[in-house]
Protein chains: 2
Amino acid sequence: MSVLPRSVEQVIEEFSRLPGVGPKSASRMAYHYLRSPNGDATKLANALKDMDESVKNCKSCFNVTDKEECDLCSSPLRKKDKLCIVEEPLDVVAFENSAVYDGLYFVLGGVISPAEGVGEDELRFKELEGRVKELLKDKDIVEIIVATNPSLEGEATASYIIDLFKNLLKEGKIKITRLAMGLPTGADLEYADRLTLKKALEGRRDI
Amino acid sequence: MSVLPRSVEQVIEEFSRLPGVGPKSASRMAYHYLRSPNGDATKLANALKDMDESVKNCKSCFNVTDKEECDLCSSPLRKKDKLCIVEEPLDVVAFENSAVYDGLYFVLGGVISPAEGVGEDELRFKELEGRVKELLKDKDIVEIIVATNPSLEGEATASYIIDLFKNLLKEGKIKITRLAMGLPTGADLEYADRLTLKKALEGRRDI
């Protein structure tokens, strides 16, 4: 005999799948909704459904958006000769909240990580090449800022990107820079504070 | 200009309301669903809606259930002359998982806590009196096991319950016991291990 109704167990099970949430926290979360006034769980439910249905990837930068092209890519205020390559959408949020960058972004979707079974094909390198070529139609030279995390995988991915663009680099059509190591090695980019991000961006160096 | 689509921000906002979840964890949780295969967010959404619609309080013990009367209260196997008063539904889960109790439960809905603005009227004392009278129709004597947490508020609530039943107690119709202090003071009942719970139940004493 199960003590909890099936629907509550289902919610606990779904919450347990979240990163960093164990069965105990998941129970607490489910019970939070059982205790709170009717409709709170439905509010989260509606928000989730809404997100699942409306959110897609921007056709240019692959950040999450509810439009065909995101607000950042379609903004006339953003410099079209700078492309900042980040791992995840939250990295874009970190940059934007710091207000230290006025160019475009490209969301790679992760880093090359043999340990986690993520190879080159899982990431958006083809789309990245396409995007750079597109930007070069309007600009003589485009700067690619490699802003993957300063971790082992992030560095490996940065090397892969440099290799990817070595011909364009030779032709002098692009410039590749890497965020300055103001960021402590092993840290996670999205947790960096405003000043650290600013310094890392200002101190970026040619590779 | 907002970096994130409105629907994603909505999900982050809703997750932030959860106990122990800050804005950063809430973002991580929302992004987990953006990254995972389509439909995972909808799965949680459906589970939540289902819970919100189907779960109510058992008419007898006020535990959460999807029936009129929960499986525990309607089971012929449970002893009808023992009523264990707990604060929250998760406390019932703790007892049931330990399989050390074969009586009935009553979920009070919290404890008296002037600091948090929870007075007697917020808790189910009237319903508790009704439940005890109902049980006394079939039984000559009913044992009430006070299983509120061994905290200041839990003890105060226990005293209130004893006061509530002082007449029935004088008439010899009920027996009131309190979980033995095998539980360390200040701890939270639902985190107790099987043995501690077993000892506390076995060592319960007359008040």
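The chains referred to below are lettered A, B, ... by the order of the sequence lines, with proteins before strands, and numbering in each begins at 1.
Most heavy-atom pairs under 4.5 Å with chain B: of the set A:Lys43, A:Arg28, A:Lys67, this distinction falls to A:Arg28. With respect to chain A, the highest number of heavy-atom pairs below 4.5 Å among B:Asp50, B:Val92, B:Val64, B:Asn97 belongs to B:Val64. Per-residue counts of heavy-atom pairs under 4.5 Å with chain A were compared for B:Gly20, B:Gly110, B:Ala30, B:Pro89; the largest is that of B:Pro89. Between chain B and the residues A:Gly109, A:Cys70, A:Ser25, A:Ala45, the largest count of heavy-atom pairs under 4.5 Å involves A:Ala45. Of the listed residues (A:Leu44, A:Asn46, A:Asp66), the greatest number of heavy-atom pairs within a distance under 4.5 Å of chain B belongs to A:Leu44. For the options B:Val93, B:Leu90, B:Thr42, heavy-atom pairs under 4.5 Å to chain A are most numerous at B:Leu90.
Residues that satisfy the salt bridge (Lys or Arg N to Asp or Glu O under 4.0 Å) test with A:Glu143, not counting sequence neighbours, are A:Arg204. For A:Asn63, there are no side chain to side chain donor-acceptor pair (under 3.5 Å) partners, not counting sequence neighbours. Listed by chain and residue number, nothing satisfies the salt bridge (Lys or Arg N to Asp or Glu O under 4.0 Å) test with B:Lys49 (two or more places apart in sequence, or in another chain).
Between the side chains of A:Thr157 and A:Thr148, no donor-acceptor pair is found at a separation under 3.5 Å. A donor-acceptor contact closer than 3.5 angstrom is absent between the side chains of A:Glu69 and A:Ser74.
By the neighbour-count criterion of 12 heavy atoms within 6.0 Å, atom CG of A:Leu152 is sparsely surrounded, having that number or fewer from other residues, nucleotides or ligands.
With a threshold of 4.5 angstrom between heavy atoms, B:Glu88 approaches chain A through side-chain atoms but not through N, CA, C or O. With a 4.5 Å cut-off on non-hydrogen atoms, B:Lys24 touches chain A through its side chain but not through its backbone.
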> After noting the C-alpha distance and the side-chain angles of A:Glu9 and A:Arg6, does the key distance pass the salt bridge (charged side-chain N to carboxylate O under 4.0 Å, His left out) rule?
Replying inline: CA-CA 5 Å; A:Glu9 276 182 353; A:Arg6 182 78 201 100; 3.6 Å; yes
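Using a 4.5 Å heavy-atom cut-off against chain A, the contacting residues of residues 10-19 of chain B are B:Gln10, B:Val11, B:Glu14, B:Phe15, B:Arg17, B:Leu18, B:Pro19.
Contact of the B:Asp138 side chain with the B:Lys80 side chain is not registered, since no non-hydrogen atoms from C-beta on lie closer than 4.5 Å.
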